[in-house]
Number of protein chains: 2
Amino acid sequence: MTTTAWSEFDTDTAVTASGDGHYSTTVSDRWAIREGVANGGYLLALCVRALGDQMAMPDPLVVSAHFVRPGTPGPAEIATEVVKQGRRTATGCARLSQQGGAVLLAQATYADLEGVSAPAAGNGPVAPHDSVAPPESVAFTNTAPALAGPETCTDPLTLSEQPGATVAARIEYRLDRVPGFWYGTPSGEPISEFWMRFADGRDADTTALAMLVDAAAPVALDLGVGGSSTIELTVHVRARPAPGWLACRAFTKHLSGGHHEEDFEIWDSRGVLVAQSRQLALVR
Amino acid sequence: MTTTAWSEFDTDTAVTASGDGHYSTTVSDRWAIREGVANGGYLLALCVRALGDQMAMPDPLVVSAHFVRPGTPGPAEIATEVVKQGRRTATGCARLSQQGGAVLLAQATYADLEGVSAPAAGNGPVAPHDSVAPPESVAFTNTAPALAGPETCTDPLTLSEQPGATVAARIEYRLDRVPGFWYGTPSGEPISEFWMRFADGRDADTTALAMLVDAAAPVALDLGVGGSSTIELTVHVRARPAPGWLACRAFTKHLSGGHHEEDFEIWDSRGVLVAQSRQLALVR
């Protein structure tokens with residue numbers, strides 16, 4: 001896996017083993033979504049780093065996390081447990097705590113994704129049989145976002161200040177079509193497609209994908225909600241990403257009862273789907 | 001919640017507290033997907049029943065599970081831990097083991113979904129603003145399946161014997177359009193919409209939804225795969241279901257590297273989305 005000693009992500013997700021599967025770490029203030037509140041994906045990446053240290057497999061294949069309370073900059077402890085080390089997969093769990101209280105519960109299954117990459121016939125994105133028309137009411141999109149080049153897209157940080165959201169300085173976003181909420185006029189259409197990469201030039205690896213799926217503003221803002229808090233986040237990592245910009249698609253289909261889901265897809269520079277996630281969030 | 005003493009589901013998901021958050025139970029042979037292998041959703045429902053017994057909240061709002069090894073008919077132990085009992089939500093984890101080995105790791109956040117039901121303006125399925133056309137490449141379907149009445153649909157058990165799949169006798173399925181794999185000719189189009197309910201007349205509740213999302217044959221069979229095994233399953237429960245038939249939609253968008261996801265939606269007889277799930281599975 002690509003790790004660059006000087007990268008912000010690697011520096012800020014470093015964990016120190018203290019024995020018996022326990023790790024100490026520091027929640028950095030560089031990944032905050034607002035003053036004093038760390039990004040959930042960043043907290044999850046801390047758990048993935050710690051659990052990955054215990055696993056005989058290199059890649060987090062699927063990670064699911066329940067967020068119990070907000071994480072804040074400062075010291076944290078991560079307790080990991082390896083439940084099974086199998087031939088093809090390894091499964092375990094991790095709990096991140098601060099001041100003795102659980103912040104995040106995570107479960108993860110690891111695998112080796114070496115060689116899993118370009119789609120091939122019968123083994124890539126699903127191509128529905130040409131002669132069978134999907135029922136009209138069924139959505140069926142399995143292609144990468146069709147985006148203009150990043151150099152012609154909009155940097156949202158030129159549109160709006162994000163005071164306290166230090167995570168916005170860690171990641172570069174390039175919007176092909178700017179969602180209405182950036183202008184204060186929610187469109188009612190909670191879909192966004194855009195480019196993303198680390199601002200310091202670090203290429204994404206499978207650990208970083210577990211964070212990046214949660215690193216953009218919620219598209220539910222385009223429904224006029226004031227904000228949302230993640231209750232649960234599950235990330236499927238489908239392949240190791242190639243270097244370069246990542247093409248992303250985020251969408252929400254259902255807002256009801258004060259909850260909404262958000263789906264997030266990340267496609268790499270080869271056009272390969274590398275991560276697919278869904279979260280359930282509480283509307284604030 | 002509706003529980004009918006004589007229902008197969010309630011009988012077969014009964015758990016007995018043995019102190020300290022531990023429960024004993026018996027994995028029934030009535031929910032097998034093949035000889036000697038219990039349905040994953042059924043195993044998850046056992047954990048939801050045990051954890052629900054510990055929670056101050058009635059409904060599993062979101063449940064995520066990693067499947068470590070197959071569950072088999074016979075005795076099982078479930079260890080639960082309540083991590084947080086909050087004012088709006090409660091979070092905990094459960095582990096189902098057989099003969100000392102972990103079968104299933106689950107995490108769940110509970111809530112009270114009383115009164116969450118019919119969609120209302122701004123609070124139901126998302127209605128994209130009429131004047132904004134979604135980008136062509138983006139799927140955006142948030143409506144209930146449009147199905148012919150169950151009485152005019154096909155019962156798949158009249159098409160094919162399912163030896164060893166005892167779960168098929170617990171649940172009634174009615175297919176509006178029969179997927180090709182039922183005839184041995186996969187269509188290449190892994191989407192299915194159909195009706196489902198318990199065969200014994202028990203109405204679904206929020207605990208049953210956590211099982212039902214995993215109770216149909218994988219639609220990836222229509223891609224010609226021989227079968228698939230669930231690695232991880234996450235279920236969002238969006239509302240308590242009304243009595244009656246449940247309208248379901250299952251689809252797979254991405255098969256790559258020997259893995260596929262399956263999305264599953266369940267809509268109740270009022271047309272309300274009551275559950276939305278996704279699993280990552282390994283192709284066999």
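Only a predicted model underlies this, so the values are computations on that prediction, with no experimental measurement involved. Scope of the values below: all heavy atoms of this structure, side chains included, with no hydrogens, waters or symmetry mates. By convention in this document, chain letters (A, B, ...) are assigned in the order of the sequence lines, proteins followed by strands, and residues within each chain are numbered from 1.
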Exercise for the section: Flag the one option from A:V62, A:V68, A:L280 with the top tally of heavy-atom pairs under 4.5 Å to chain B. Expected result: A:L280
Practice task
Would you check, one step at a time, whether the test side-chain contact (heavy atoms from CB on, under 4.5 Å) holds for B:L61 with A:E232?
Solution key: CA-CA 10 Å; B:L61 172 66; A:E232 193 271 347; over 6 Å; no
Fill in the blank from the handout: If you tally heavy-atom pairs under 4.5 Å between each of A:V283, A:D263, A:D222 and chain B, the highest tally belongs to A:D263
Practice task
May I ask you to list the residues in residues 96-106 of chain B that approach chain A closer than 4.5 angstrom, counting heavy atoms only, ordered by number?
Solution key: B:A102, B:L105, B:A106
Fill in the blank from the handout: If one checks every heavy atom of A:A65 against chain B at 4.5 Å, the contacting part turns out to be backbone
Exercise for the section: Measure the shortest side-chain to side-chain distance between A:H66 and B:C93 over non-hydrogen atoms and say whether it is less than 4.5 angstrom. Expected result: no
Handout entry: Interchain contact, A:T234 with chain B, by part (heavy-atom threshold 4.5 Å)
Key = side chain
Practice task
Return yes when atom CZ of A:R284 has more than 12 non-hydrogen atoms of other residues, nucleotides or ligands closer than 6.0 Å, and no otherwise.
Solution key: yes
Exercise for the section: Looking only at non-hydrogen atoms, find the nearest pair between A:L113 and B:H259 and report the distance. Expected result: CD2-CE1, 4.5 Å
Practice task
Look at B:E261 together with A:R278 and state whether they make a salt bridge at an N to O cut-off of under 4.0 Å.
Solution key: no
Problem - Residue selection (most heavy-atom pairs with chain B, distance under 4.5 Å) from A:G86, A:A90, A:A111, A:A108 - result: A:A108
Practice task
Looking only at non-hydrogen atoms, find the nearest pair between A:H260 and B:R238 and report the distance.
Solution key: CA-NH2, 3.5 Å
Handout entry: Gap between atom NE2 of B:H254 and atom CG of A:L273 - 0.5 Å precision
Key = 5.0 Å
Practice task
Check whether A:S192 gets within reach of chain B through its side chain, its backbone, both or neither, counting any heavy atom under 4.5 Å.
Solution key: neither
Problem - B:R88, CZ: over 12 other non-hydrogen atoms inside 6.0 angstrom - result: no
Exercise for the section: Determine whether B:H236 and A:Q279 make a side-chain contact, defined as any pair of heavy atoms from C-beta on separated by less than 4.5 Å. Expected result: no
Exercise for the section: Would you mind checking which part of A:D176 comes under 4.5 Å of any heavy atom in chain B, side chain (CB onward), backbone (N, CA, C, O), both or neither? Expected result: neither
Handout entry: Per-residue contact mode, A:T109 against chain B (heavy atom under 4.5 angstrom)
Key = both
